[in-house]
Amino acid sequence: MSATFNPTVDVVEQAVEAGFFPPRHTVEITGIRELASGVMRLTFRDPYIAAHARPAQFVNLFSRDPMHLMPRPFGVSEVEGDLVSVIFAVVGEGTAEFATLTAGDVIDVLGPLGRPFRTKEDAHYVLVAGGLGVPPLIYAAQCLSARDGVRTTAVFGYRHEHFADEFVSRYADRTESIDESEGNVITLLDRFRDDLLTVDGNGSKPVILACGPLPMMKAVAAWAGEHDLPCQLSMEQRMGCGYGTCVLCTVDTVDGRLKVCADGPVFTREQLGWGE
Amino acid sequence: MSATFNPTVDVVEQAVEAGFFPPRHTVEITGIRELASGVMRLTFRDPYIAAHARPAQFVNLFSRDPMHLMPRPFGVSEVEGDLVSVIFAVVGEGTAEFATLTAGDVIDVLGPLGRPFRTKEDAHYVLVAGGLGVPPLIYAAQCLSARDGVRTTAVFGYRHEHFADEFVSRYADRTESIDESEGNVITLLDRFRDDLLTVDGNGSKPVILACGPLPMMKAVAAWAGEHDLPCQLSMEQRMGCGYGTCVLCTVDTVDGRLKVCADGPVFTREQLGWGE
Amino acid sequence: MVENVRHPINLYEPHEWRHPTVVAGVPWKNPVGTASGTFQYAAVRWFYDVSQLGAVCTKGVSPVPWEGNPGVRTAEGPASNVNAVGLQNPGVDHYLVDDLPKLKKIGATVISNVAGHSDDDYAEVVAKLADSPADMLEINVSCPNVSHGGMSVGADPVALSRLITRLRRLTDKPMIVKLTPNVTDITVPARAAVEAGADALSLINTIVGMRINTRTGKPIIDHVTGGVSGPAVLPIGLARVWQVRTALPEIPIIGIGGIDTGEKALEYLYAGANAVEVGAAALFDPVAPLRVARELEDLLDSRPQLAETLASGGTWR
Amino acid sequence: MVENVRHPINLYEPHEWRHPTVVAGVPWKNPVGTASGTFQYAAVRWFYDVSQLGAVCTKGVSPVPWEGNPGVRTAEGPASNVNAVGLQNPGVDHYLVDDLPKLKKIGATVISNVAGHSDDDYAEVVAKLADSPADMLEINVSCPNVSHGGMSVGADPVALSRLITRLRRLTDKPMIVKLTPNVTDITVPARAAVEAGADALSLINTIVGMRINTRTGKPIIDHVTGGVSGPAVLPIGLARVWQVRTALPEIPIIGIGGIDTGEKALEYLYAGANAVEVGAAALFDPVAPLRVARELEDLLDSRPQLAETLASGGTWR
Ligand SMILES: Cc1cc2nc3c(=O)[nH]c(=O)nc-3n(C[C@H](O)[C@H](O)[C@H](O)COP(=O)(O)OP(=O)(O)OC[C@H]3O[C@@H](n4cnc5c(N)ncnc54)[C@H](O)[C@@H]3O)c2cc1C
Ligand SMILES: Cc1cc2nc3c(=O)[nH]c(=O)nc-3n(C[C@H](O)[C@H](O)[C@H](O)COP(=O)(O)OP(=O)(O)OC[C@H]3O[C@@H](n4cnc5c(N)ncnc54)[C@H](O)[C@@H]3O)c2cc1C
Ligand SMILES: Cc1cc2nc3c(=O)[nH]c(=O)nc-3n(C[C@H](O)[C@H](O)[C@H](O)COP(=O)(O)O)c2cc1C
Ligand SMILES: Cc1cc2nc3c(=O)[nH]c(=O)nc-3n(C[C@H](O)[C@H](O)[C@H](O)COP(=O)(O)O)c2cc1C
Ligand code: FES
Ligand code: FES
């Protein structure tokens with residue numbers, strides 16, 4: 001990293017004491033594990049993010065190579081005490097670098113960023129994820145598992161290895177997963193349709209929370225539309241800042257081009273105009 | 001350092017076996033020590049450079065920060081076995097970074113580069129250095145100490161602390177040094193003039209080898225001129241490549257603009273047109 | 001060129017600025033502002049007290065809301081960002097009731113950046129801002145990501161002269177013209193702008209660039225090309241400021257391009273700028289503009305002559 | 001965008017190139033050459049077998065020896081170099097008896113880069129090279145570090161057209177015109193050069209930039225400004241190649257600017273280049289051009305369509 005600046009975790013306290021949001025700061029990696037070929041789970045110590053992150057919020061991780069100045073956003077996948085985990089695929093130079101981190105190394109982070117899934121309502125939450133869309137839904141399962149009156153079903157689709165079942169099944173009431181050799185999340189949604197459509201005791205409809213590749217998201221929104229279910233989708237877009245200052249991360253919605261980082265990443269299928 | 005390339009010491013063997021000069025390669029730091037405020041002595045393991053470097057040759061060290069791609073040249077100051085030492089002052093971002101290195105860290109190097117002092121002749125060599133010009137003259141003292149028929153006198157000028165006497169006095173037959181509170185190297189050259197001008201047994205004149213800031217070098221060349229002594233001066237110039245491919249490092253000589261890195265760094269006072 | 005080991009600066013404690021500057025008669029608390037398009041009050045206010053900055057330059061506003069470019073708008077370059085927002089903004093009317101009053105209320109010095117697809121567009125916005133509490137106007141004739149207006153005006157001295165002459169009649173506010181480096185000789189539009197009535201110049205805007213995805217063989221940004229900014233452009237911005245300062249010894253200049261430390265800001269002041277704006281650095285370090293201001297202040301402490309010159313509205317060169 | 005974990009390549013063992021290219025009818029062993037001014041045979045030959053390269057482009061030669069600019073000629077920028085050599089070279093006569101025959105003897109494909117302060121200068125050099133064993137000529141009308149000739153010609157389409165028309169009559173050798181990015185619209189000189197008889201275009205040369213020493217407040221380079229090159233300029237070079245390829249679908253193009261890996265070279269090929277040249281990377285990694293060639297070759301293995309197109313003299317776009 002450049003001699004430019006050297007932010008440490010102290011700045012978090014300084015900022016918070018003064019009533020501000022923590023700036024980019026340096027945290028310690030406490031663990032890293034390869035879950036599947038090229039899929040890593042990285043854990044770092046960050047009391048602030050651990051205390052404040054909500055499902056579908058993300059953190060910007062920063063490369064130590066100043067050739068790569070732009071933030072790399074990753075959804076929070078789990079929180080335990082002060083520890084925050086993300087799960088990421090190695091797809092480019094930044095993630096390749098992150099994959100070489102080991103416990104004791106440090107990394108710069110900013111977050112938690114974005115607006116979370118809206119889960120105020122007690123309901124049956126159907127957590128639908130594809131590929132590297134799993135992290136926010138693991139975290140949704142974790143946060144929702146504490147609540148009575150809430151039921152969760154995880155419906156995960158993988159390319160090959162079922163690398164996230166281990167984590168989500170700790171929290172979800174039910175976990176169903178599939179890989180490309182058998183089908184995709186729509187296959188599962190159809191297969192378990194009857195249970196998924198059951199209206200729970202409190203009378204509220206099942207709610208779909210989804211994250212994954214665009215074609216999958218559109219298919220899930222369409223499925224939700226067919227069955228007239230509320231559906232929140234966590235979107236991806238290349239970002240500049242991740243906190244709402246640059247308007248580089250827009251997605252087209254019925255309300256115009258909105259920022260994925262600050263207006264999202266969560267949008268309803270109605271906002272996206274999908275599955276109507 | 002960027003994901004761009006990851007040269008290791010193997011490439012040295014590959015290159016040498018094929019009859020080529022070793023490319024930029026990665027070596028291990030074996031020691032670092034602060035000699036005076038902001039003056040560091042850094043030692044790394046490099047069998048090739050250790051075996052081939054001659055006095056006034058230099059090595060390019062490379063920052064690990066890709067914002068700083070240009071080489072940082074430093075004169076070799078000592079060689080012991082496979083270990084090569086340099087002495088440098090912290091003056092900018094590159095040297096500030098190098099000052100934070102510790103044993104076990106790695107750094108990229110290229111070298112040895114440049115043409116050495118010409119010391120074929122048996123003679124009395126007067127090694128005149130100012131400030132951070134000391135490294136090549138320590139190494140000259142080391143290399144010459146092995147030779148019968150050669151006598152060496154080190155004449156070193158410092159700003160404050162006499163940080164290099166410790167090293168040069170291991171090898172030089174005589175070491176005299178001075179700091180700015182008392183005078184400069186010319187003060188010493190004048191003070192010991194009679195001894196310095198003595199013609200040794202074999203009849204050859206004393207030879208001055210010098211390195212240091214420009215005004216000092218000009219003064220030394222003038223002194224040598226007055227006393228009609230041969231004088232070789234090791235010059236500095238900002239560099240692009242350090243190995244002769246870019247013509248960014250020129251110095252004006254009577255033969256035109258020559259490359260400090262490949263035609264030098266050593267030039268005679270006659271070539272520079274100084275002290276005539 | 002590290003001046004001294006950087007001591008930790010607490011950006012959150014109250015601070016008395018020691019080295020103000022003056023740009024076209026407008027006093028700035030310190031010589032560091034934000035660069036247009038990298039500052040949205042609604043986002044940045046969570047990170048620090050933005051009234052601490054020398055000035056806040058807001059995102060370009062147009063007569064009506066603009067939706068900007070579709071799809072992927074950004075790619076990364078080596079030590080840089082490539083952007084193709086296409087000037088998405090909610091329009092001047094929204095700006096006049098939202099961002100501007102909020103910023104003025106907290107005591108910020110505000111530069112309102114003006115965008116247009118045509119002379120009429122620019123005129124309409126300037127006319128509306130003329131009676132607003134904005135402290136300065138910055139006319140963006142240098143955006144490379146729109147097909148009309150923007151860079152196409154800034155690269156044509158005749159068109160630029162006509163536009164600035166017209167805008168000059170619409171307002172008494174200090175008017176900064178923001179120049180593009182994507183021209184053969186930046187002193188030509190610089191001179192045209194000043195002769196037509198610009199009170200100050202700001203430079204540089206972004207440089208046309210692109211990246212290609214080597215998996216697909218296609219450009220990463222849907223708009224194909226975008227504007228390069230960030231540390232990579234520093235030497236280019238410095239040279240443009242030097243050139244314009246050499247050609248126009250008197251005009252106030254705001255230096256922009258690649259600034260992410262106080263020391264880089266200082267280079268711009270030595271090149272002849274009265275002040276600087278920090279852009280892309282805020283993308284990878286949200287507090288960058290304030291941090292740069294504080295770092296620069298420490299550097300100015302040991303350069304009293306430069307500090308005095310700036311405080312009195314002068315420049316180093 | 002890392003394709004696969006980079007495996008160690010041994011640059012010193014004999015190698016059969018699998019993916020040649022063709023530039024203006026001249027076959028290259030592979031699509032990677034050196035960029036002028038960053039390759040001196042006497043220096044590079046110690047590091048690797050330079051005949052392995054797609055082509056070797058030598059330092060600009062003038063009718064008589066030139067001594068270049070005095071004093072400090074270089075500064076560092078973020079991820080870049082700033083240079084102001086000012087075209088120091090020992091002159092075409094020396095070149096014809098020294099570098100050129102040596103390079104041809106070892107089997108290198110040689111591009112002779114031509115420099116001049118005036119049309120007569122260029123003509124004199126081209127006339128002398130016309131009967132030489134040089135494989136291609138590259139006319140440098142884009143050096144930003146000389147006060148006459150260089151960029152001043154390349155930025156003026158009328159002057160450029162006149163010059164290239166004249167040079168065209170002097171030689172049948174494939175003539176590449178090397179363009180500067182320091183212009184408002186690079187497609188204008190590109191078209192002028194092609195219409196006047198250029199067989200190919202190479203771009204980009206360096207971008208005007210500078211650095212300032214914050215201790216002294218003075219420019220680091222004695223010539224004040226220099227040319228920026230290295231990784232920082234990659235997105236700018238790519239966009240210029242894209243623009244020229246869009247404007248001129250048929251002309252062979254050599255892409256230059258910021259290439260230090262095979263993957264970056266590949267971006268240029270997708271942008272529409274037939275080949276590339278590696279410049280500043282050789283300053284921080286002497287074997288860079290050969291390493292880039294080998295890395296690119298591996299990437300082309302998995303892109304047979306692109307590889308075939310290049311081999312037959314075509315381009316991706
Ligand atoms: C809100 C959000 C949450 C995300 N959560 C996860 C997650 O939990 N796990 C996971 O594996 N991935 C996630 N991603 C995608 C992840 O950000 C990219 O895979 C990653 O940035 C690629 O970085 P790189 O350096 O390896 O790729 P490079 O291609 O080298 O990166 C170059 C630039 O492009 C950006 N970029 C490249 N691909 C993407 C992409 N798909 N989305 C956004 N930016 C991209 C990078 O951030 C960087 O700025 C998320 C993206 C967003 C927007
Ligand atoms: C042949 C030769 C031998 C040298 N030997 C020594 C030595 O033994 N000990 C020592 O302390 N110094 C030596 N120097 C000077 C040393 O190279 C610089 O102090 C060092 O490069 C500064 O790097 P930086 O990153 O700290 O400075 P920065 O100013 O951040 O560097 C920016 C760029 O300028 C170059 N640069 C800055 N100052 C100099 C300088 N004085 N000379 C050459 N390039 C410079 C850097 O190499 C780099 O490319 C030598 C220089 C040369 C040419
Ligand atoms: C995301 C982004 C959006 C921008 N939008 C504007 C804009 O609306 N108006 C404008 O004049 N300049 C705009 N710019 C240009 C910057 O204000 C600045 O001139 C340029 O980025 C160079 O400075 P930097 O290197 O510090 O980023 C934008 C730059 C970026 C990175
Ligand atoms: C030190 C140096 C000297 C150069 N000399 C020449 C030259 O003589 N003729 C020329 O056409 N280009 C010259 N160039 C420009 C390069 O050939 C190339 O176009 C430019 O550096 C961009 O490529 P890069 O980013 O790979 O360096 C020179 C560049 C450098 C760095
Ligand atoms: S990434 Fe900057 S606004 Fe969303
Ligand atoms: S530094 Fe490149 S020739 Fe000397």
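Excluded from the calculations below are hydrogen atoms, water molecules and symmetry mates; all remaining heavy atoms, backbone and side chain alike, are included. Nothing here was measured: the structure is a model prediction, and the numbers come from that model. Every chain is numbered from 1 and lettered A, B, ... according to where its sequence line falls, protein lines coming before strand lines.
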- Message: Check whether R257(A) reaches the backbone of G68(C) with its side chain - one donor and one acceptor, N or O, closer than 3.5 Å.
- Response: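 The answer is yes, because a donor-acceptor pair under 3.5 Å joins these two groups.
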
Is chain C contacted by the side chain of [X], its backbone, both, or neither, given a heavy-atom distance below 4.5 Å?
X       : answer
Y243(A) : both
A262(A) : neither
L110(A) : side chain

Chain A contact via [X] - which portion, at a heavy-atom distance below 4.5 Å:
X       : result
D49(C)  : both
P65(C)  : neither
A232(C) : neither
T38(C)  : backbone
V72(C)  : both

- Query: Got a sec: does the CZ of R54(A) have more than 12 other heavy atoms crowding it under 6.0 Å?
  - Reply: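 Atom CZ in R54(A) is not packed in, count stays at 12 or less.
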
- Item | Aromatic ring proximity F20(A)/Y48(C), centre distance under 6.0 Å | no

Using 0.5 Å steps for rounding, measure from the [atom1] atom of [X] to the [atom2] atom of [Y].
X       : Y       : atom1 : atom2 : value
Y12(C)  : E17(A)  : OH    : CD    : 11.5 Å
I9(C)   : Q14(A)  : CD1   : CD    : 10.5 Å
C241(A) : D285(C) : SG    : CG    : 12.5 Å
L69(A)  : L283(C) : CG    : CG    : 9.5 Å
R45(C)  : T245(A) : CZ    : OG1   : 12.5 Å
H68(A)  : E76(C)  : NE2   : CD    : 5.5 Å

- For chain A, the option from V287(C), N10(C), V44(C) that forms the most heavy-atom pairs under 4.5 Å: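 Of the candidates given, the most pairs with chain A belong to N10(C).
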
- Given the options P78(C), P286(C), A280(C), G230(C), which has more heavy-atom pairs under 4.5 Å with chain A than any of the others? P286(C)

- Contact check, side chains of T250(A) and E67(C), non-hydrogen atoms, under 4.5 Å: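 No, too far: nothing below the 4.5 Å cut-off.
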
- Side-chain contact, heavy-atom cut-off 4.5 Å: R215(C) with V91(A)? yes

- Message: Walk me through whether V247(A) and Q40(C) qualify under side chain to side chain contact (heavy atoms under 4.5 Å, CB included).
- Response: CA-CA 9 Å; V247(A) 209; Q40(C) 299 258 346; 3.4 Å; yes

- Under a 4.5 Å heavy-atom cutoff, which of C249(A), G240(A), G256(A) has the most pairs with chain C? G240(A)

- Item | Contact winner vs chain C - C261(A), P23(A), P71(A), heavy-atom pairs under 4.5 Å | P23(A)

- Check step by step if side chain to side chain contact (heavy atoms under 4.5 Å, CB included) holds for L248(A) and N81(C). CA-CA 11 Å; L248(A) 282 173; N81(C) 176 258; 4.0 Å; yes

- Working for side chain to side chain contact (heavy atoms under 4.5 Å, CB included), residues T74(C) and M239(A): CA-CA 7 Å; T74(C) 184; M239(A) 293 187 171; 5.8 Å; no

